[in-house]
Amino acid sequence: MMNDTYSVSPGFSSYMLLQKSLDKVLGKIGVDNTIELLESFIDNSSMETHDMEKTTLITQYIITCSIAVFNLDREQFYSSTVREYREARMVTYYLLRKYTEGSFRKIGELFNQKKRNIIYFCRKCADMLSIPQYNETFNERYITIEKQTIAFISKLN
């Protein structure tokens with residue numbers, strides 16, 4: 001007798017969830033509006049550095065989220081050498097780079113850091129995210145901050 005259950009890779013089940021969500025949106029607002037919505041989100045999912053007002057808002061939002069999610073003291077955010085503070089700043093650098101397209105040098109200026117430090121911490125963040133099972137708490141915090149950041153950016157326009 002054949003068994004009807006089979007193993008589905010996590011990537012495949014994520015794709016199925018995406019497809020179901022797209023089907024719901026299509027059914028609710030139609031094809032043309034869904035395309036417009038997706039294009040609008042793609043256009044607004046990152047900000048170019050010349051859009052300074054939005055970049056400043058996103059920067060402050062990411063910093064505030066990092067402080068809240070990591071449960072940190074705002075006064076010590078920029079200077080503390082405690083691991084949680086370093087990790088919160090690392091997430092902040094990484095997300096700023098990803099969503100504002102800011103240069104390493106510009107991000108460094110915001111935090112009184114050298115360009116080389118920002119490059120190092122962005123790479124370290126990417127490394128930690130690439131092996132989630134070894135950095136579960138960090139990854140959960142990162143995902144929370146990134147989701148909140150995406151929601152914030154989508155509401156800017």
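Small disclaimer: the values here were computed from a predicted structure and weren't measured.
- Side-chain contact between T100 and K106: absent, with no pair of heavy atoms (C-beta onward) separated by less than 4.5 Å.
- Interatomic distance, I62 CD1 to L57 CG, rounded to the nearest 0.5 Å: 11.0 Å.
- Using a 4.5 Å cut-off on side-chain heavy atoms (C-beta onward), M128 and Y134 make no contact.
- Residue pairs meeting the salt bridge (charged side-chain N to carboxylate O under 4.0 Å, His left out) criterion with at least one member in residues 76-88, sequence neighbours excluded, are R83-E87.
- For the ring-ring contact (aromatic ring centres under 6.0 Å, His included) test, residues two or more places apart in sequence or in another chain that qualify with F111 are Y78, Y93.
- Looking at R97 and F104, their side chains come closer than 4.5 Å, going by heavy atoms from C-beta outward.
- In terms of the side chain to side chain donor-acceptor pair (under 3.5 Å) criterion, residue partners of T64 (sequence neighbours excluded) are, by chain and number, R74.
- Side-chain contact between R141 and V91 is absent, with no heavy-atom pair separated by less than 4.5 Å.
- Applying the ring-ring contact (aromatic ring centres under 6.0 Å, His included) rule to Y120 yields no partners; only residues at least two apart in sequence or on another chain are considered.
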Original post:
Would I153 and K54 satisfy side chain to side chain contact (heavy atoms under 4.5 Å, CB included), going step by step from the backbone distance to the final call?
Top reply: CA-CA 9 Å; I153 290 171; K54 288 182 180 177; over 6 Å; no

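- Side-chain contact between F138 and L129 is present, with heavy atoms from C-beta onward closer than 4.5 Å.
- The structure places CD of Q148 at 12.5 Å from CD1 of I143, a figure rounded to the nearest 0.5 Å.
- When the side chain to side chain contact (heavy atoms under 4.5 Å, CB included) test is applied to R116, the partners found at least two apart in sequence or on another chain are K114.
- Summarising the geometry of A88 relative to S66, their closest heavy-atom pair is O-OG, 3.8 Å, with the distance given to 0.1 Å.
- To the nearest 0.5 Å, the span separating CG on L17 from OG on S21 amounts to 4.5 Å.
- Y142 pairs by the side chain to side chain donor-acceptor pair (under 3.5 Å) definition with E146, not counting sequence neighbours.
- Atoms CD1 and OG1, from I145 and T92 in turn, are 6.5 Å apart once rounded to the nearest 0.5 Å.
- Under the side chain to side chain contact (heavy atoms under 4.5 Å, CB included) criterion, R123 pairs with I119, not counting sequence neighbours.
- To the nearest 0.5 Å, the span separating CD1 on I118 from CZ on F121 amounts to 8.0 Å.
- Counting non-hydrogen atoms of neighbouring residues, nucleotides and ligands closer than 6.0 angstrom, the CG atom of N112 reaches no more than 12 such neighbours.
- By the side chain to side chain donor-acceptor pair (under 3.5 Å) test, Q113 is found to be paired with N117, residues two or more places apart in sequence or in another chain being considered.
- Every residue two or more places apart in sequence or in another chain was checked for a side chain to side chain contact (heavy atoms under 4.5 Å, CB included) with N71, and none qualifies.
- Remark: the backbone N or O of T56 is not paired with any side-chain donor or acceptor of Y61 at under 3.5 angstrom.
- D23 meets the side chain to side chain donor-acceptor pair (under 3.5 Å) test with Q19; sequence neighbours excluded.
- Rounding to the nearest 0.5 Å places SG of C122 at 9.0 Å from CG of L95.
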